[in-house]
There are 2 protein chains.
Amino acid sequence: MEQPRWLDEREARVWQAYLAVNRELHSALERQLVRDSGLSNADYALLAPLSEAADGVVRSRELGALVGWERSRLSHQIGRMEKRGLVAREECVEDARGSMVRLTPTGRAAIESAAPAHVETVRRYVFDALSADEVEVLDRVFRRVLDRIADGG
Amino acid sequence: MEQPRWLDEREARVWQAYLAVNRELHSALERQLVRDSGLSNADYALLAPLSEAADGVVRSRELGALVGWERSRLSHQIGRMEKRGLVAREECVEDARGSMVRLTPTGRAAIESAAPAHVETVRRYVFDALSADEVEVLDRVFRRVLDRIADGG
DNA sequence: CAACAATTGATGACACGTCAACATCTTGCT
DNA sequence: AGCAAGATGTTGACGTGTCATCAATTGTTG
């Protein structure tokens, strides 16, 4: 690392604002979810793709890919949700290493009851504040940043 | 909750992209920090404002305000950093309830050695990918979202 | 000043996330 | 077939984040 290329004033402000949005949005959504339906952001992240799958059954590996989580994180979260009866683990027929995750009736009821208020909250805090042009800029920008991170180091 | 106003296709895509940026950026930065300097994002978040304060001493309450953390989170993190010798707690003279946080020489060495590579990583993943116009849009958008969340409910 | 309220910080319990290590199974190579 | 390499999932340890609660102190108000 030679001469560090520091952030200029505007960049530093935007970076701090990004960190703040992260923090505040995450905790606002978590509070709303827990209060209105007893689900956490982590619960919701898994229940959403499960509820969209045929029969509410998804292979663990694929569920991980859908939400972008590592195996260990996924396994721990599924374990916690299993204890509360939101999902159930089943053996995988095609691949004896694998494990299937099944959405229980309790889990389906939970996500269906949570979704409207959750989406409404996202809309209220985020999309109601944005013009169509701004949404388009965000789309491009987020995708570009993701590409950069994926392109390694 | 009457008719839920669902997100349209583009909004849903952008929301997923936002969640992915969060996830990937946070973990990429964490990995870089831990690898190159043994600090976590949480460590860095506290060391940065401490290193900019006169004498490296900040009252706990104010440090919390600077980084936007709740008291409990701050107290736990300071405790962990104190164990590793990065900061030290001292009594507060003006207010016997309070507690002062002091950056130790070890802590200062850590943040000064970590900062250049960390900033370089933020620049590489984020700001090098953005035009000046896009940075300006992000500035406005982030601020508007923060205002909405702060305006309660 | 006394009583009540608010602020500040610490703590324990528990949820969440990451890493390294492990067991098990599948795949690919020879 | 047989073996090495990779894939899949789980586990334990530990760092991180939130909530409820507590103790101590300060602020406010009658």
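Quantities reported herein were computed from a predicted structural model and do not represent experimental measurements. In what follows, chains carry the letters A, B, and so on, assigned in the order in which the sequence lines appear, proteins first and then strands, with residues in each chain numbered from 1.
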**Message:** Could you walk me through whether A:Arg35 and A:Gln32 satisfy the side-chain hydrogen bond (donor to acceptor under 3.5 Å, both in side chains) test, starting with their C-alpha distance in whole Å, then the side-chain angles of each, then the deciding distance to 0.1 Å, before giving a yes or no?
**Reply:** CA-CA 5 Å; A:Arg35 174 167 49 80; A:Gln32 181 273 318; over 6 Å; no
**Message:** With side-chain contact (heavy atoms from CB on, under 4.5 Å) as the criterion, how do A:Leu39 and A:Leu86 come out once you've worked through the C-alpha distance, each side chain's angles and the decisive distance to 0.1 Å?
**Reply:** CA-CA 10 Å; A:Leu39 295 180; A:Leu86 296 170; 4.1 Å; yes
**Prompt:** After noting the C-alpha distance and the side-chain angles of B:Asp95 and B:Arg97, does the key distance pass the salt bridge (Lys or Arg N to Asp or Glu O under 4.0 Å) rule?
**Reply:** CA-CA 5 Å; B:Asp95 186 339; B:Arg97 292 169 300 184; 2.8 Å; yes
**Message:** Please evaluate residues A:Arg80 and A:Gln77 with respect to the criterion side-chain hydrogen bond (donor to acceptor under 3.5 Å, both in side chains), reporting the C-alpha separation (whole Å), side-chain torsions for both, the decisive distance (0.1 Å), and the verdict.
**Reply:** CA-CA 5 Å; A:Arg80 288 187 292 261; A:Gln77 183 63 28; 2.7 Å; yes
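One interatomic measurement links the two molecules: CD of A:Glu91 to P of D:dG9, which rounds to 13 Å at whole-angstrom precision. Straight-line distance from the CZ atom of A:Arg71 to the P atom of C:dA23: 15 Å, rounded to whole Å. With rounding to whole Å, A:Leu74 atom CG is found 11 Å from C:dG17 atom P. Rounded to whole Å, atom C1' of C:dC16 lies 9 Å from atom CH2 of A:Trp69. Atom P of nucleotide C:dC16 and atom CD of A:Glu70 are separated by 16 Å, given to the nearest angstrom. In this entry the distance linking CD1 of B:Ile78 with P of C:dT8 reads 14 Å, nearest Å. Note: CE (A:Met81) to P (C:dA15) measures 13 Å, nearest angstrom. Atom CZ of A:Arg23 is separated from atom C1' of D:dT16 by 15 Å (rounded to the nearest Å).
Contacts between residues 94-103 of chain B and DNA chain C, defined by a heavy-atom separation below 4.0 Å, involve B:Arg97, B:Gly98, B:Ser99, listed by number. The stretch residues 26-64 of chain A touches DNA chain C through A:Ser40, A:Ala42, each having a heavy atom under 4.0 angstrom from the strand.
Side-chain atoms of B:Arg123 come within 3.5 Å of backbone atoms of A:Trp6 as a donor-acceptor pair (strictly under, hydrogens ignored).
Residue side chain B:His76 reaches the base of D:dT18 through a donor-acceptor N/O pair under 3.5 Å, judged by distance alone.
Checking the phosphate oxygens (OP1, OP2) of C:dA15, no side-chain nitrogen or oxygen of A:Gln77 falls inside 4.0 Å. At the phosphate of D:dT16, OP1 or OP2 sits under 4.0 Å from a side-chain N or O atom of B:Arg80.
A:Tyr18 and B:Asn22 form a side-chain donor-acceptor contact under 3.5 Å, judged by distance and modelled atom types alone.
Taking CG from A:Leu25 and CZ from B:Arg148, the interatomic distance works out to 12.0 Å, rounded to the nearest 0.5 Å. Taking CD from A:Glu134 and CZ from B:Arg144, the interatomic distance works out to 4.0 Å, rounded to the nearest 0.5 Å.
Looking at heavy-atom distances under 4.0 Å, B:Arg89 makes contact with sugar-phosphate atoms alone, never a base.
Counting all heavy atoms, side chain and backbone alike, B:Ala117 lies closest to B:Asp36 at CB-OD2, 4.2 Å.
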